[in-house]
Structure formats: C-alpha cells, structure tokens
Colleague: 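Starting off with a structure, shown below.
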Protein chains: 2
Amino acid sequence: MPKLTIRDVAQAAGVSTATISRVLNGSGYVSAEVREHVQSTIRALGYRPNAIARSLKQEKSRSIGLIVPDMTNPYFMTVARAVQRRIEREGAGYHLLIMDSAEDREKEREALHFLLEKRVEAIVLAGTGGNRELVQAASDGGTHVVLADRTIDGLSLDVVAEDNVDVSREAIVYLAGRGHRRIAVINGRQTISTARERYAGVCAGFAQAGLQAEPELIIEGDYTRQGGIAAIRALMTRPGRPTAVYCANNEMTFGVYLGLQELGFPLDELDIVSFGDLEFSSLFHQRLTVIRQNPERLGEEVGELVMRRRGEGSGEAAAGREKRVLYPKLECR
Amino acid sequence: MPKLTIRDVAQAAGVSTATISRVLNGSGYVSAEVREHVQSTIRALGYRPNAIARSLKQEKSRSIGLIVPDMTNPYFMTVARAVQRRIEREGAGYHLLIMDSAEDREKEREALHFLLEKRVEAIVLAGTGGNRELVQAASDGGTHVVLADRTIDGLSLDVVAEDNVDVSREAIVYLAGRGHRRIAVINGRQTISTARERYAGVCAGFAQAGLQAEPELIIEGDYTRQGGIAAIRALMTRPGRPTAVYCANNEMTFGVYLGLQELGFPLDELDIVSFGDLEFSSLFHQRLTVIRQNPERLGEEVGELVMRRRGEGSGEAAAGREKRVLYPKLECR
DNA sequence: CTGTTAGCGCTTTCAC
DNA sequence: GTGAAAGCGCTAACAG
C-alpha cells in the first residue's frame with residue numbers, strides 16, 4: 001500500500017494541497033462543490049492525514065504527558081482514565097502519554113525528558129519528590145506542569161491534591177475512640193509529600209487522643225504491597241503487638257492482609273484504617289475502615305486545568321498558579 | 001524561554017546542524033573533541049531535540065498503539081504495562097498509546113483512525129469484534145497489527161491469545177464433579193471471540209459431564225460488573241436457583257458477589273468458577289475457584305512480537321502470521 | 001571528519 | 001475561492 005500524502009490527494013482531486021488542507025481543517029473558504037469533491041476523493045483513496053507532520057507545522061503536539069509512580073495502583077490508573085476522558089472530550093484530538101516512574105527518581109527524570117522531547121503541551125506529575133530543578137525548568141520552558149496528588153516543596157505550580165492531614169488525624173482519633181492504645185502506623189517514604197502529610201496528621205491525632213506515639217510501632221513502608229507485608233511481619237512477630245493499624249496507602253493495606261494471612265493470623269485480628277480504598281473493601285467484612293479518596297474527581301480537575309491552561313498564553317503571562325484541594329472521607333460504619 | 005532548535009545549538013557551538021545531529025544520534029564520524037564541545041553546549045543551553053521533527057524526517061513514530069476494551073479492568077492494564085515495559089526495554093524511545101474502546105465498536109473505530117493518523121508503527125488490538133475491514137485495511141496499509149487476547153474471525157493477523165475452550169470445559173466438569181446439577185453460566189457477548197470460545201468450552205463440559213445445559217441458567221452478560229449484578233439478580237430471584245455458577249470474566253464475577261450481597265445472600269451461597277482472577281481471590285476464602293490467566297506473559301509476548309515485526313520488512317514481505325496461545329489454569333484447591 | 005542541502009507532510013500567509 | 005511557496009526541526013545523502 002502506497003503511503004498517501006496530501007499531494008496525492010490534491011493531484012487526484014485536481015486541486016492544490018492548500019485546498020485539501022482547508023477541507024481537512026474546515027478553515028478558510030472552500031466552495032461547497034469543491035469541498036464535496038475533495039471529501040469523496042479522500043474517502044475513495046482512503047487518505048489519512050499525518051498527525052506528526054501536522055504537529056510539526058502547527059507546533060502543537062496535542063498530547064499531554066502523565067507520570068505516575070505506580071501503574072499497577074488502581075488509584076493512579078483511575079486518575080489517568082479520568083484525565084484521558086476529560087482531554088478527549090475536548091474533541092481536539094488530544095491524547096495522554098502515560099509513563100510509570102515506579103517511585104524511582106531516575107526513571108522519573110527519564111520520563112520527564114522523554115515527554116519534553118515529545119513536546120507534550122503539559123505534564124501531569126504525581127511525583128517521587130525528586131527532580132525539582134528539572135520540573136521547574138520544564139515549567140519555565142513553557143510546558144504547563146500540574147502536580148497531581150503529590151506536591152513538591154518549593155515549587156509554585158498548579159496543584160490538584162487531597163488533604164491528607166486532617167482525615168489522618170481523624171483516623172487516629174477514631175481508632176483511639178474504639179479503645180485502642182497500641183496503634184501502629186505504616187507510613188510511606190517521607191520524601192513523598194502525601195506520606196509526610198499523612199504522618200503529620202497521624203501525629204496530630206495521637207496528640208489529640210492523648211496517646212504517646214510509640215516509636216517501635218511507627219514503620220516506614222514504601223507504598224508497595226511488599227512493604228506492607230514486611231511491615232506487618234515486623235509488627236506481629238515481636239512482643240508488644242499493636243491492636244490497630246493505620247496504613248498510609250491502599251497497596252500497603254493489601255500487603256498487611258497478605259502478611260497476616262501468611263503469618264497465620266485471622267484477617268480480622270486487627271482494626272485497620274486504610275488511606276485509600278481497596279476494590280474489595282465493600283465485600284470484605286473485616287475490621288477495615290477506609291479513607292475514601294476521589295481519584296475520578298482529581299483526574300477530572302487535572303484534565304480541566306490542563307485544558308484551560310492550554311487556552312491561556314503560555315508560560316510568560318501565566319497568572320497565579322492554582323491549588324485545588326479535595327477532601328477524602330473517613331468511612332466509619 | 002526561547003524554544004531552542006538544532007540551529008541554535010549549531011550556531012552556539014560554531015559547527016553545522018549536521019554535526020549536532022550526528023552527536024545526538026551517535027551516527028557518522030565526529031571527532032572526540034568536537035563531540036565533547038557539542039555535548040557541553042547542548043547541556044549549557046538545555047537543549048532537547050524535537051522528537052516530532054525527528055519522527056517526521058525518519059518516518060518512524062516510535063510509538064505503538066494499544067486498544068483495550070476496558071481500561072478499568074486490571075487484566076488489560078496488566079497487559080498494557082507488560083507491553084509498555086517490553087517496548088521501552090528496547091531503549092529506542094518507543095512508547096505506548098493506550099486507548100479505551102469501552103467495548104464500543106464506534107469508539108474502537110475512532111481509536112483505530114486516531115492511531116493510524118498518529119502513524120503508530122503497530123496496533124495491538126483487544127477488539128470488540130467489529131471493524132474487521134478497517135483492521136484489515138490497517139494491516140494492508142503497512143501498520144503491523146497484533147490481536148491480543150481476542151481474535152477476529154476471517155482475519156489472518158498475528159495473534160497472541162489464550163486457550164479459552166479447554167479450561168472452560170474443565171471448569172464445568174470440575175463443578176459437576178463436586179455434585180452440582182444446576183450450574184448457571186454467565187456469558188460474555190457472543191460477538192467477542194473469547195466469549196464464544198468460553199461458551200463452546202462450557203458446552204463441551206456439560207456434554208462430558210452428562211448434564212443438560214438448562215437454557216434459563218445460561219445468561220448473556222457483557223463482561224461488566226453491572227452485567228454480573230444483573231445476571232445474578234435474575235438467577236437468584238426466580239425459582240430453580242443454581243447451586244453453582246461459571247462466570248466468563250473477572251468483572252462479572254465481581255458483580256456476582258456485589259449482587260449476592262445486595263440480595264442478602266451469604267457470599268458463599270454458591271460455588272463459583274471465575275474465568276480470570278480477582279485481585280483479592282487469595283484473601284477471599286469463599287467458594288471461589290479461579291481460572292488463572294497470564295496477562296503479564298501475554299503482554300510480553302505481544303511486545304516481543306511487535307518489536308520483532310518492526311525489524312522485518314513492512315507489510316509486503318511479511319511472511320506467515322504468528323499465532324501464540326497461552327494456557328490458563330483452573331486453580332482447584 | 002564536517003558542511004551544504006534537500007526534503008519528511010503538512011499549514012498558512014500572500015497573491016491572484 | 002484557490003494556488004504557490006515558504007517553512008516547522010530534524011536527518012541523511014552527497015560533497016569536500
């Protein structure tokens with residue numbers, strides 16, 4: 001099959017390439033007669049314009065980059081899907097380039113470079129906490145940057161995130177209210193903003209409940225399932241076990257259950273609060289309380305913000321950055 | 001920030017654009033001296049080559065399209081991730097464009113057109129069953145097409161899929177062996193190849209077990225959670241309830257559990273076999289037997305195939321198509 | 001070893 | 001209303 005170009009179509013239709021282009025884009029004046037003729041020629045030939053050439057000429061890639069720290073986490077994939085839907089809805093042929101940093105700063109750096117070379121019009125970043133200068137440079141360079149879910153200290157950029165502090169405080173108070181005195185905390189890495197915020201909330205909760213946070217019950221995990229398994233293993237195989245656990249993300253909560261099972265404990269051995277939902281929590285009638293986030297909404301907000309920024313003048317005139325905060329809810333039952 | 005081009009770099013470094021290009025691509029001869037100078041200039045300026053221009057010139061987009069019928073299904077996202085990893089591993093700057101057809105032929109058609117315009121080098125399709133001519137045309141047009149998970153009748157294309165028939169037969173025999181006589185079947189739409197194959201296997205299973213498949217126990221669902229809910233509702237709210245259910249995909253199985261819960265049945269009311277794993281099946285000690293698929297492996301095979309085809313001459317010389325079959329396993333316990 | 005140059009396929013002034 | 005022509009940023013012959 002010969003690769004067709006706009007010139008082939010022009011030749012076949014007996015008009016100039018400019019006319020074809022005008023028909024394709026619905027721009028400029030074209031008589032109805034010619035338009036129809038061109039359109040039928042296009043159909044007859046099965047011609048498809050080359051989006052790459054178009055992008056080069058227009059200096060618009062019509063693509064948005066998204067970097068998530070974990071493609072296997074349903075939370076981020078839900079965000080991704082919402083963003084994708086939102087930008088596709090615009091109908092302007094936008095699409096999403098999804099990259100996975102796997103919580104690795106180096107991979108994140110590569111992903112940023114990659115997206116920059118692809119000339120994405122905006123980068124949505126749920127970051128590892130690293131690459132601050134590069135992110136700033138990207139923003140200064142005129143690529144819109146929106147931080148999603150996670151912020152980066154010292155950068156003034158658009159942000160759509162959740163309030164991690166207050167609901168975490170509430171969670172600890174809730175557990176204390178149920179009579180727990182030995183509450184373990186499985187944290188995320190403190191390089192990640194959400195992990196820091198969640199921990200801050202936890203501390204506030206302990207204070208409010210008049211409890212002393214016991215160092216050996218505070219474990220720094222890594223937001224992975226394996227991390228959750230390791231954490232619960234450590235907690236349950238030494239004296240002074242906890243009676244309740246606050247777990248800073250969904251994957252680690254899953255790990256906690258896997259670990260409990262592996263250790264031979266009943267799954268309802270502990271009261272657990274999970275920051276972030278687990279798909280099966282509605283079926284899983286253990287002593288599990290969920291802090292329900294709203295990835296759908298977050299993704300929509302991000303998409304909306306991205307498309308709006310696209311309209312505004314690039315970089316330079318960009319007025320104040322925007323910060324939108326969503327509020328997760330502790331689902332007591 | 002001024003957008004830098006290769007000419008700016010050339011000017012700054014006092015050499016020609018060709019030299020810059022050679023340094024960038026590691027092609028042709030460049031003296032070590034000049035190379036270093038150019039590289040430091042590039043770094044100093046913070047120059048990033050424009051991948052769009054490069055793609056246009058080289059007539060290689062370095063992108064692969066993937067169309068899945070359901071982005072929310074972990075099965076397909078696992079496939080996607082495996083494909084992505086595999087093509088990124090090549091190190092040639094390849095990336096994946098993921099599109100969601102939402103089981104809708106029209107959306108699938110749009111996605112195909114979109115990817116064709118983006119000049120993706122290959123399309124990986126887990127299809128709805130429609131758009132046969134378009135898919136054929138894409139393949140004829142020189143875009144490699146690999147069917148993943150689902151085949152399309154009458155098309156001779158590369159395929160990586162699972163054997164749905166035999167393990168489904170086995171599942172029914174297994175349920176019959178546990179003494180069940182009233183076994184319900186929740187099918188997928190018969191426009192989808194996997195649904196047809198799974199149903200064929202189910203019928204073989206009934207025959208082998210010497211059971212009569214009862215029409216009112218065979219329900220055509222749609223591979224969605226809602227479909228599963230609707231199906232189990234229908235089955236359980238009329239006389240002659242089943243005692244076991246074969247459920248043709250993971251999402252519908254989830255729906256079955258949601259439905260049972262909603263109807264007030266205990267979750268272990270029925271023996272259930274699910275084609276396709278549920279994330280929590282290992283924790284969920286109900287009467288659930290899973291047919292374990294291997295999306296990781298499928299994705300890797302697809303990625304491998306795609307990258308190999310890329311090496312071979314395009315379209316024309318493409319020798320025989322390849323069909324790889326994976327074998328899911330019934331996990332009895 | 002390095003520079004000059006001709007495009008890749010399209011859009012977009014600017015003439016007519 | 002339509003066409004001619006100049007690039008978008010890069011790479012790849014081809015000279016030198």
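Values below: every heavy atom of this structure, side chains too, minus hydrogens, waters and symmetry copies. Note on naming: letters A, B, ... go to the chains in the order of the sequence lines (proteins, then strands), and numbering restarts at 1 for each one.
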Colleague: Rounded to whole angstrom units, what separation is found between the CD atom of A/Glu33 and the P atom of D/dG1?
Modeller: 12 Å
Colleague: From the set D/dT11, C/dT4, C/dG9, return the single nucleotide nearest to any side-chain atom of B/Asn25.
Modeller: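 Nearest to the side chain of B/Asn25 among the choices is D/dT11.
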Colleague: What is the distance from CG of B/Leu56 to P of C/dT11, rounded to the nearest Å?
Modeller: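 From B/Leu56 CG to C/dT11 P: 12 Å.
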Colleague: Under the criterion side-chain contact (heavy atoms from CB on, under 4.5 Å), which of B/Ile42, B/Asn25, B/Leu4, B/Leu24 is the partner of B/Pro49?
Modeller: B/Leu24
Colleague: Counting side-chain heavy atoms from CB outward, which of D/dT11, D/dG9, D/dA4 is closest to B/Arg54?
Modeller: D/dT11
Colleague: What is the distance, to the nearest angstrom, from the NZ atom on B/Lys3 to the P atom on D/dG9?
Modeller: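 So the two atoms are 7 Å apart, to the nearest Å.
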Colleague: Counting just side-chain N and O atoms, does B/Gln58 come under 4.0 Å of either OP1 or OP2 of D/dA12?
Modeller: yes
Colleague: Any side-chain to backbone donor/acceptor pair from A/Asp104 onto A/Ser101? Under 3.5 Å, distance only.
Modeller: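 Such a contact is absent between A/Asp104 side chain and A/Ser101 backbone.
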Colleague: Rounded to whole angstrom units, what separation is found between the CD1 atom of A/Ile20 and the P atom of D/dA4?
Modeller: 13 Å
Colleague: Taking side-chain contact (heavy atoms from CB on, under 4.5 Å) as the criterion, tell me which of B/Glu133, B/Arg321, B/Gln136 meets it with B/Leu155.
Modeller: B/Gln136
Colleague: Output the single nucleotide from D/dT2, C/dC8, C/dT4 whose closest atom is nearest the side chain of B/Lys57.
Modeller: C/dC8
Colleague: Mark yes or no for whether B/Ser55, through its side chain, and B/Ala51, through its backbone, hold a donor-acceptor pair below 3.5 Å.
Modeller: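 Yes; at least one donor-acceptor contact below 3.5 Å.
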Colleague: Does B/Thr19 put a side-chain nitrogen or oxygen below 4.0 Å from OP1 or OP2 of C/dG3?
Modeller: yes
Colleague: Taking 4.0 Å as the cut-off, does a side-chain nitrogen or oxygen of B/Tyr29 come that near to OP1 or OP2 on D/dA12?
Modeller: no
Colleague: For A/Arg109 and A/Glu106, what are the C-alpha separation, side-chain angles and deciding distance, and is it a salt bridge (charged side-chain N to carboxylate O under 4.0 Å, His left out)?
Modeller: CA-CA 5 Å; A/Arg109 204 181 60 84; A/Glu106 182 55 26; 3.0 Å; yes
Colleague: D/dT11 P sits how many Å from A/Glu117 CD, rounded?
Modeller: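 Distance, rounded to whole Å: 10 Å.
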Colleague: Nearest-nucleotide wise, let me know which of B/Ala53 and B/Arg22 is further upstream toward the 5' end of DNA chain D.
Modeller: B/Ala53
Colleague: Mind checking if A/Thr5 touches a base, just sugar-phosphate, or nothing, with heavy atoms under 4.0 Å?
Modeller: sugar-phosphate
Colleague: Are A/Asp158 and A/Arg309 ion-paired here, with the side-chain N under 4.0 Å from a carboxylate O?
Modeller: yes
Colleague: How do B/Val15 and A/Arg7 order along DNA chain C: which one's closest nucleotide is nearer the 5' end?
Modeller: B/Val15
Colleague: Under 4.0 Å between a side-chain N/O of B/Ser27 and OP1 or OP2 of D/dT11, yes or no?
Modeller: no
Colleague: Please give, in whole Å, the distance from C/dT12 C1' to A/Leu24 CG?
Modeller: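 Rounded to the whole Å, the gap is 14 Å.
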Colleague: C/dG9 P sits how many Å from A/Ile42 CD1, rounded?
Modeller: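 My rounded result for the distance is 16 Å.
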Colleague: Expressed in angstrom and rounded to an integer, what is the separation of A/Asp8 atom CG from C/dC8 atom P?
Modeller: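 Result: 11 Å.
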Colleague: Quick check for you: among C/dT2, D/dT11, C/dT12, whose closest atom lies nearest to any side-chain atom of B/Ser31?
Modeller: C/dT2
Colleague: Using the side-chain heavy atoms of A/Thr17, tell me which of these nucleotides is nearest: C/dT2, C/dG9, C/dT11.
Modeller: C/dT11
Colleague: Can you find a donor-acceptor pair, distance only, under 3.5 Å between B/Arg119 side chain and C/dG9 base?
Modeller: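 Answer no: no donor N or O sits under 3.5 Å from an acceptor.
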Colleague: Between B/Asn50 and D/dC8, does any side-chain N or O lie under 4.0 Å from OP1 or OP2?
Modeller: no
